[in-house]
Amino acid sequence: MSSAANQTAGHAEGVVSTAPRGTLQVIFGPMFSGKSTELARRIRRHKVANRQCIVVKYAGDTRYEDEPGRAEAGTADAANLRGCVVTHDRQALVAYPARALEDVDNVVHAFDVVGIDEGQFFGDLVEFCERWARMGKTVIVAALDATFQRKPFNDVLSLVPIAEDVTKLSAVCNACGCDASFTKRVGSSDETVELIGGEGMYVATCRGCHDLPASSFSGARGTNTHALAAASTPKAAFNASRTPQRPPSSASSAERIRKRTVGPEGTPVAGLVKTKGDVDTALKAQAGDKSAMSEIGDKMRSLAVMDSPATPGDAFGGFGYERSVGATPGTAARKKAAGLGAAAMAAAAGVAGGSRSKGAGGPGRSPYNDLAGRGMGAVARSPLASLR
Ligand SMILES: Nc1ncnc2c1ncn2[C@@H]1O[C@H](COP(=O)(O)OP(=O)(O)O)[C@@H](O)[C@H]1O
Ligand SMILES: Cc1cn([C@H]2C[C@H](O)[C@@H](COP(=O)(O)O)O2)c(=O)[nH]c1=O
């Protein structure tokens, strides 16, 4: 008896079944978060275990099918991805296109595992997931949990109480580079919920960027410093400064350094970079110039309470976190400075943006501790690092 047949045999009333139980697994997340990729990974894994797998995709979504892609080995012709689930990075997984899950009910009995992509579009999703899981199938659904307006997408959330496993993935915010849990529609003002599209029509956003105008998403991912720019009070600026702002991969070093060290209205936020010469020094240090590194080291020592950098170049850029603007040094910074004596304390007071944006200041969790684990270079092993 095949494992599928074994599972679908069901159990006689009152008899405890030894057959493998069905399960329902749900993969939620905004667009671009890797739901289809994760679905494909799980399906591949079941195939390794010799389980019979079928993947159902929504027939209304034929994105990328006419483009060349990387087809699943041995199962599809890369030149013909018709009917395949195609991820945003053009990996393909052979699938069965359907408008309703009812349409595949008669074939599902022959399979152990049923994958469903774009689950949010199937009006009978909840009914058939439950039915197939009860039949002993492993049902894996990839679906948007929310619409572009951050409302529940059709009935998908009803899967949560009947699922064994629910995962929510995140993408990369197209504006600031933070983790993105939401999708924003930027390519159309149409408010209809169902509107098929990919990049150009939708972007992934974090909470802070979701309400930005569509035009804010035209640049490279990670180029918008929404949180600091939008912060209107010192407290809001401090809170915003704790939000990771990853450097855009495509940005030049000079641009990254500028972004990480210049606050709203051009205020220097790290205290080290004030002139174009400083930027040049940082760039040289990043390129390995020893005299530039030493110059940065000297400056750091004179400022005493600056965050120790991950690399000499990062002395100007930090760990990928913005520092707050014009704030007084944080508690931990002050404590460290106190350990260095009055002169260092005075230096601490003089550091623009001296408060840290990452990590708590307690003894067990300071950014200096982070450095210890990173095995940093000469500048990172500054007198600050030996304070512990
Ligand atoms: N903003 C983004 N964040 C993360 N990945 C992105 C983004 N834009 C494009 N991608 C690409 O999308 C891929 C994920 O595609 P896919 O699995 O189809 O996601 P989903 O099914 O959740 O829409 C990533 O591996 C990456 O190559
Ligand atoms: C947010 C949102 C999305 N859609 C469409 C757009 C795409 O065709 C799919 C989602 O695909 P992905 O694999 O998750 O990238 O859904 C929509 O119709 N309405 C929306 O609000």
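With hydrophobic clusters built from ILVMFWY side chains whose heavy atoms lie under 4.5 angstrom apart, V166 does not share a cluster with F182. Taking hydrophobic clusters as Ile, Leu, Val, Met, Phe, Trp and Tyr residues chained together by side-chain heavy-atom distances below 4.5 Å, V26 shares a cluster with I116. Cluster membership check: I162 shares its hydrophobic cluster with V108, using side-chain heavy-atom separations under 4.5 Å among Ile, Leu, Val, Met, Phe, Trp and Tyr. A continuous path of ILVMFWY side-chain contacts below 4.5 Å connects L159 to L101, so both sit in one hydrophobic cluster.
Without hydrogens or angle criteria, N154 side chain to Q120 main chain gives a donor-acceptor distance under 3.5 Å.
Not counting sequence neighbours, the partners of R42 by the salt bridge (Lys or Arg N to Asp or Glu O under 4.0 Å) test are E38. Checked against salt bridge (Lys or Arg N to Asp or Glu O under 4.0 Å), D103 has no partners two or more places apart in sequence or in another chain. Under the side-chain contact (heavy atoms from CB on, under 4.5 Å) criterion, P161 pairs with no residue at all, not counting sequence neighbours. T87 pairs by the side-chain hydrogen bond (donor to acceptor under 3.5 Å, both in side chains) definition with D89, not counting sequence neighbours. Judged as a side-chain hydrogen bond (donor to acceptor under 3.5 Å, both in side chains), and not counting sequence neighbours, the contacts of Q149 are E191. With sequence neighbours left out, A146 forms a side-chain contact (heavy atoms from CB on, under 4.5 Å) with no residue at all. Residues satisfying the side-chain hydrogen bond (donor to acceptor under 3.5 Å, both in side chains) test with Y96, not counting sequence neighbours, are none. The ring-ring contact (aromatic ring centres under 6.0 Å, His included) search around F28 returns none, not counting sequence neighbours. For A59, the side-chain contact (heavy atoms from CB on, under 4.5 Å) partners two or more places apart in sequence, or in a different chain, are P97, R99. When the side-chain hydrogen bond (donor to acceptor under 3.5 Å, both in side chains) test is applied to H46, the partners found at least two apart in sequence or on another chain are R51.
Pairs engaging residues 139-160 under the salt bridge (Lys or Arg N to Asp or Glu O under 4.0 Å) rule: D145-K168 [sequence neighbours left out]. Residue pairs meeting the ring pair (Phe, Tyr, Trp, His ring centres under 6.0 Å) criterion with at least one partner in residues 131-167, sequence neighbours excluded, are F121-F153, F128-W132.
In this structure, the side chains of K184 and N174 stay at 4.5 Å or more apart for every pair of heavy atoms. Residues R207 and S181 have side chains not in contact (no heavy-atom distance under 4.5 Å, counting atoms from C-beta outward).
Heavy-atom minimum distance, G119 versus L125: O-CD2, 3.3 Å. Shortest non-hydrogen contact noted between L157 and P152 is CD1-CB, 3.6 Å.
Note: F122 and Y58 have perpendicular aromatic rings, judged against thresholds of 30 and 60 degrees for the angle between ring planes.
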